[in-house]
Protein chains: 2
Amino acid sequence: MATLKQPTGIDVARLAGVSKSAVSRAFTGGSVSDEARQRIFDAARELRYRPSQAARSLKTNRSRLVGLAVTHLDNQFYPEVIERISDTLAIEGYRLVLFITRGEAELEPVIYELLGFSLDGVILASGAFAARVAHECVEAAMPVIMFNNIDKSSQIPGVSADNTLGGETVARHFIERGHKRIAVITGVADSSTSKDRTEGFCRAVSGAGLPMPTLVNGNYTVEGAAEAMNALLARPDAPTAVFCVNDHMAFSAIGACQQAGVQPGRDIAIAGFDNVGIAGWPSFALTSYAQPVTAMIERCVSRLMAEIGGQADDTGTECIPGKLIIRQSSDFHVP
Amino acid sequence: MATLKQPTGIDVARLAGVSKSAVSRAFTGGSVSDEARQRIFDAARELRYRPSQAARSLKTNRSRLVGLAVTHLDNQFYPEVIERISDTLAIEGYRLVLFITRGEAELEPVIYELLGFSLDGVILASGAFAARVAHECVEAAMPVIMFNNIDKSSQIPGVSADNTLGGETVARHFIERGHKRIAVITGVADSSTSKDRTEGFCRAVSGAGLPMPTLVNGNYTVEGAAEAMNALLARPDAPTAVFCVNDHMAFSAIGACQQAGVQPGRDIAIAGFDNVGIAGWPSFALTSYAQPVTAMIERCVSRLMAEIGGQADDTGTECIPGKLIIRQSSDFHVP
DNA sequence: GTGAAAGCGCTAACAG
DNA sequence: CTGTTAGCGCTTTCAC
């Protein structure tokens, strides 16, 4: 039963024959004699005592909880990121509270909750509308940082891959392999990731004197990407290379190609972005621009910790270069 | 800055010209006159006031936080489950605190944290050693329920698919298609899921008068499953059908087959378990026993809520039947 | 329907 | 090094 009375610091103090402050000190690293400490810990173990976080939070104004807002998790990039952020935060003694968002409709309640759960800080990895949530957090003096999707136009702290560079890098790869008819399957229109990747890509393509790539919106969904790919294949001037602005869509595009009898890596070059685990599976062998996830998370967490520690973060937006991983899906020259 | 003073109930009370008790009532659904309520909410909005969860928790002994322990998330089943649990809990006003575990080594700290974070309850979906954590929770009077991996030998609340039935169902499917040389790639040895699925499968196979399936341990990992599959293919009496006890390993097995020039759905039948999203992708078209995720989560959450509400849960372990989804990877008859 | 008052369990001065 | 004391912000009797 949940109603069984938990022991308090007083119970422990009594059993150990000390004051409750001594107990508190023992558990917070204050100065206690070794002997007292020993008695306290023994008593605590006996009573199965653990300091109540609720009371502690009330006093210290710290919950050791960080909120993480993400969109739905079928894009494998997010589970990977969640796992790594969780690990990194755990080292600092923090835990993640999950807020899975599904779109604009849920905006208000999410903000309300994010701010209501007495979190120490918030990481926003949730795509398009995150910027608005971020502003609310700033207003409410809640430490916040945007991850992956950022808002360059504001001073809101953010960490992302260098998406523009990533787009460029993929473009250059296509160009080197002799492609001339090139397309890109874009993501949700107002996400910074899609915009930047597409922009970098297009700039490099036209900079090389090639015609502007055909852009089709895949909306960051499996269905959208499949449709986009089919539309591309149906064109009289079908592209020989297509850049999907994330791997999630690239997998779907590959599937669409296969169904149409077009073989990626031979008949058409496909590249993605994120380099999620699946990209390396032999069934896909997807060329992908790898986000520097480790570095991104390291920066994200340490900046958030600094904010929580009271240091204002005026670093703004930070873009870290990644690395192109070339695999079979694009590793050939056009004739 | 994190240090900006947040408004308290007193501030709101003062601005609204009422007592702080009135403010509290307004926010907890107590009886307040409409007029007062209006003034209070107006004042709260103006001050950007939100009741502090920490203080509330201290008083009510409820945090509206539920812990979720899971192993690493590369098995796509878990992200799917997390997302759904998060949604279901959100309806009840609860949020998920994530504890990503990585094995026995981390057992103690995880327990300590799980119990230390003043959670209202805990969901254990974390595989093999979850049972020990569960017992600790029970001892500590922390409402707990095991999900997916359960412990039938104890009275610890648990919800899972009917894994035995699932294994049987897959076996029957193979048998109907005329397979005689059958193998299974198993998971971590002491996980109830792997044991039950394998057991149900083997029982049905030998019940049909066929020789016992060859068992190879894939350890629930991509690498393990690939090795297992390769070992299977190398045998003189290589199987014509293999059951992978989860989809995660099945994908890897499919990859291994393809690399060996053996085509799933034609040369060999492959089936998985979980029916994760990817299973339906054309690149895999994996036959899989679908876990009844919706029902499982519904039961899991409502039982946990009951426990949190103070009702002892003596339902024990609960297994819900799923459904076989037949796809190309196994949809053929042996000659 | 409303306010006053008493804590929830803890930490952090403060004095010894 | 140790105990006493005063709250953290809220909910909740209890009178009115």
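Order of the sequence lines fixes the chain letters, A, B, ..., with proteins taken first and strands second; residue numbering starts at 1 for each chain.
Annotation: side-chain hydrogen bond (donor to acceptor under 3.5 Å, both in side chains) contacts of A:Thr28 (sequence neighbours excluded): none. By the side-chain hydrogen bond (donor to acceptor under 3.5 Å, both in side chains) test, A:Asp11 is found to be paired with A:Arg14, residues two or more places apart in sequence or in another chain being considered.
Close to D:dT2, at under 4.0 Å from its OP1 or OP2, lies no side-chain N or O of A:Ser19.
With a cutoff of under 4.0 Å to any heavy atom of chain A, the contacted region of DNA chain C is bounded 5' to 3' by C:dG9 to C:dA13.
Across all non-hydrogen atoms, the minimal contact from B:Ala125 to B:Val70 is CB-CG1, 3.9 Å.
The one candidate from B:Asn75, B:Thr193, B:Thr71 that meets the side chain to side chain donor-acceptor pair (under 3.5 Å) condition with B:Tyr220 is B:Thr193. Here the rule is side chain to side chain donor-acceptor pair (under 3.5 Å) with A:Ser192, and of A:Asp151, A:Asn149, A:Asn148, A:Thr317 only A:Asn149 fits it. Among the candidates B:Asp34, B:Val32, B:Val18, the single residue satisfying the side-chain contact (heavy atoms from CB on, under 4.5 Å) test with B:Arg39 is B:Val18.
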Seminar exercise, completed: Given protein heavy atoms under 4.0 Å, the one-letter contact record of nucleotides 8-16 of chain D, with B base, S sugar-phosphate only and - none, is simply BBBBBB---
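Using modelled atom types and a 3.5 Å distance limit, the side chains of A:Tyr94 and A:Ser86 yield no donor-acceptor pair. A:Arg84 and A:Thr294 are linked by a side-chain donor-acceptor pair at a separation below 3.5 angstrom, with hydrogens and angles left out of the test. The closest side-chain donor-acceptor pair between B:Ser63 and B:Asp120 falls under 3.5 angstrom.
Identified under the ring pair (Phe, Tyr, Trp, His ring centres under 6.0 Å) test for residues 36-93 of chain A, with sequence neighbours left out: A:Phe27-A:Phe41, A:Phe27-A:Tyr49.
Shown for residues 35-48 of chain B: no residue has heavy atoms falling under 4.0 angstrom of DNA chain D.
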